[in-house]
Trainee: 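Sharing a structure below in structure tokens format, with a few things to ask.
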Amino acid sequence: MIAWFADAGRDLPWRHPEASAWSILVSEVMLQQTPVVRVLPRWLDWMDRWPAPADLAVAPTAEVLRAWDRLGYPRRALRLQECARAIVAEHGGEVPRGEDALSALPGIGEYTAAAVTAFAHHGRAVVLDTNVRRVLARTVDGAALPPRSLTAAERRTAARVLPAEPARSVAWNQAVMELGALVCTAASPRCEECPLAGPACAWYTAGRPPAPEGSRRVQAFEGTDRQLRGKIMALLRANDTAHEKELLALDADDPLRVRRCAASLVADGLAAADGTGLRLP
DNA sequence: AAAGCGGGGGC
DNA sequence: GCCCCAGCTTT
């Protein structure tokens, strides 16, 4: 798998040796639930503008939200700025080492703390993202897909198969994640390209049995508050402000819903009240 | 453990 | 139209 990665792995800027720990942390936050191809241009622009935590810490939040653009889940942008401020205030402007210290930062959870430890600090950490979980579910458990939410059993499995030697564990984490992203994909895995196709993969050996019916249920999006919040944020990014009339026009049939979403954006710190309308914070 | 939280691209 | 994407936070 590590040999496969050396040959087939993508050349991504946050994987370059000169990438700072902060730039790697930023990439990990942007990549939370967002595909690489969509992150790439935003990350380049972001790191150009705010190369260090101290730069982002003092940036106007409205500008931060505009730079986040349409990466989705804009609360991540707020958390990232809070994270930068915490790093400046509590860690002298340097990304702290250790998963506990990292997890204590805003917007940094179990996965991101492990990923920063592995990829920025080259330490041994159990990195369990959606790709790693799927590869382990297939190779170790012979299942088409991992459980819906991360289980203790998955953590045990991952800890057991992770190489003991730190440098090798980093290479392993990088390789298995990339294998899941490029080859061992959720919908149509390319087993013919996979270095593990054969006895190394329990699922392949079992004849690639399908996942149980209805084991996945995606969140609805059309017509949800999430979608309307997104539309409101798009207005604010474009114009800085949105008048009440523009907001209500986003869902002419349900002014209550518009007000509810506007209020929730204010509560989240993503927008501020501006007369009867909204503006970026 | 489940729900809420964006947005876009692949099939 | 459905499914998925380098998850986190709150309930």
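These numbers come from a predicted model, not from an experiment. Any value given below was found using the heavy atoms of this structure, including those in side chains, with hydrogens, waters and symmetry copies removed. Each chain gets a letter, A, B and so on, in the order its sequence line appears, and its residues count up from 1.
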Trainee: Within the pair Arg229(A) and dG6(B), is there a side-chain N or O less than 4.0 Å away from OP1 or OP2?
Mentor: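 It does, given that an N or O in the side chain of Arg229(A) lies less than 4.0 Å from OP1 or OP2 of dG6(B).
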Trainee: Sticking with atom P, work out how far dT11(C) lies from dG6(B), rounded to a whole angstrom.
Mentor: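 Those two atoms are separated by 16 Å.
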Trainee: How far does the C1' atom of dG7(B) sit from the matching atom of dT10(C), given to the nearest Å?
Mentor: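 Their C1' atoms lie roughly 22 Å apart.
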Trainee: For nucleotides 5-11 of chain C, give me one character per nucleotide, 5' to 3': B if any protein heavy atom sits under 4.0 Å from the base, S if the only such contacts are to the sugar-phosphate, - if neither.
Mentor: BBBSS--
Trainee: In whole Å, I'd like the distance from the CH2 atom of Trp68(A) to the P atom of dC5(B).
Mentor: 17 Å
Trainee: dC11(B) and dA6(C): how far apart are their P atoms, nearest whole angstrom?
Mentor: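 After rounding to an integer number of Å, I get 14 Å for this pair.
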Trainee: Round to a whole Å and report the spacing from NZ of Lys231(A) to C1' of dC5(B).
Mentor: 16 Å
Trainee: Between Asp268(A) and Arg229(A), does the salt bridge (charged side-chain N to carboxylate O under 4.0 Å, His left out) criterion hold? Intermediate values first, please.
Mentor: CA-CA 11 Å; Asp268(A) 285 348; Arg229(A) 283 167 54 106; 2.8 Å; yes
Trainee: What is the distance, rounded to the nearest whole Å, between atom CZ of Arg148(A) and atom P of dC3(C)?
Mentor: 11 Å
Trainee: Are a donor atom and an acceptor atom from the side chains of Tyr111(A) and Glu28(A) found within less than 3.5 Å of each other?
Mentor: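 Looking only at side-chain atoms, Glu28(A) and Tyr111(A) do form a donor-acceptor pair, the distance falling under 3.5 Å.
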Trainee: Which residue lies toward the 5' end of DNA chain B, Asp69(A) or Thr151(A), if each is placed at its nearest nucleotide?
Mentor: Thr151(A)
Trainee: Output the rounded distance in Å from CZ (Arg226(A)) to P (dA3(B)).
Mentor: 13 Å
Trainee: In whole Å, what separates the C1' atom of dG9(B) from that of dC8(C)?
Mentor: 23 Å
Trainee: Roughly how many Å is it from CG in Leu40(A) to P in dG9(B), rounded to a whole number?
Mentor: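 Computing the Leu40(A):CG to dG9(B):P distance gives 14 Å.
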Trainee: Looking at dG6(B), which nucleotide sits across from it as a Watson-Crick or G-U wobble partner, both distances under 3.5 angstrom, or is there none?
Mentor: none
Trainee: First locate atom CG of Leu105(A), then atom OG1 of Thr112(A), and finally report the distance between them rounded to the nearest 0.5 Å.
Mentor: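 Reported to 0.5 Å precision, the distance equals 10.5 Å.
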Trainee: When all nucleic acid strands are considered with a 4.0 Å heavy-atom cut-off, which category describes Arg70(A): base, sugar-phosphate, or nothing?
Mentor: sugar-phosphate
Trainee: Met233(A) or Leu150(A): which one's nearest nucleotide on DNA chain B is closer to the 5' end?
Mentor: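 The residue mapped nearer the 5' terminus is Leu150(A).
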Trainee: Evaluate the salt bridge (charged side-chain N to carboxylate O under 4.0 Å, His left out) criterion for residues Lys231(A) and Glu246(A): first the C-alpha distance (whole Å), next the side-chain angles of each, then the deciding distance (0.1 Å), finally the verdict.
Mentor: CA-CA 11 Å; Lys231(A) 289 180 178 175; Glu246(A) 300 174 277; over 6 Å; no
Trainee: I need the single residue from Leu12(A), Val29(A), Thr34(A) that forms a side chain to side chain contact (heavy atoms under 4.5 Å, CB included) with Val39(A). Which is it?
Mentor: Thr34(A)
Trainee: Any salt bridge between Glu82(A) and Arg79(A), counting N to O under 4.0 Å?
Mentor: yes
Trainee: Quick one: does Arg15(A)'s side chain have a donor or acceptor within less than 3.5 Å of a partner on Phe119(A)'s backbone?
Mentor: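 Judged by distance alone, no pair lies under 3.5 Å.
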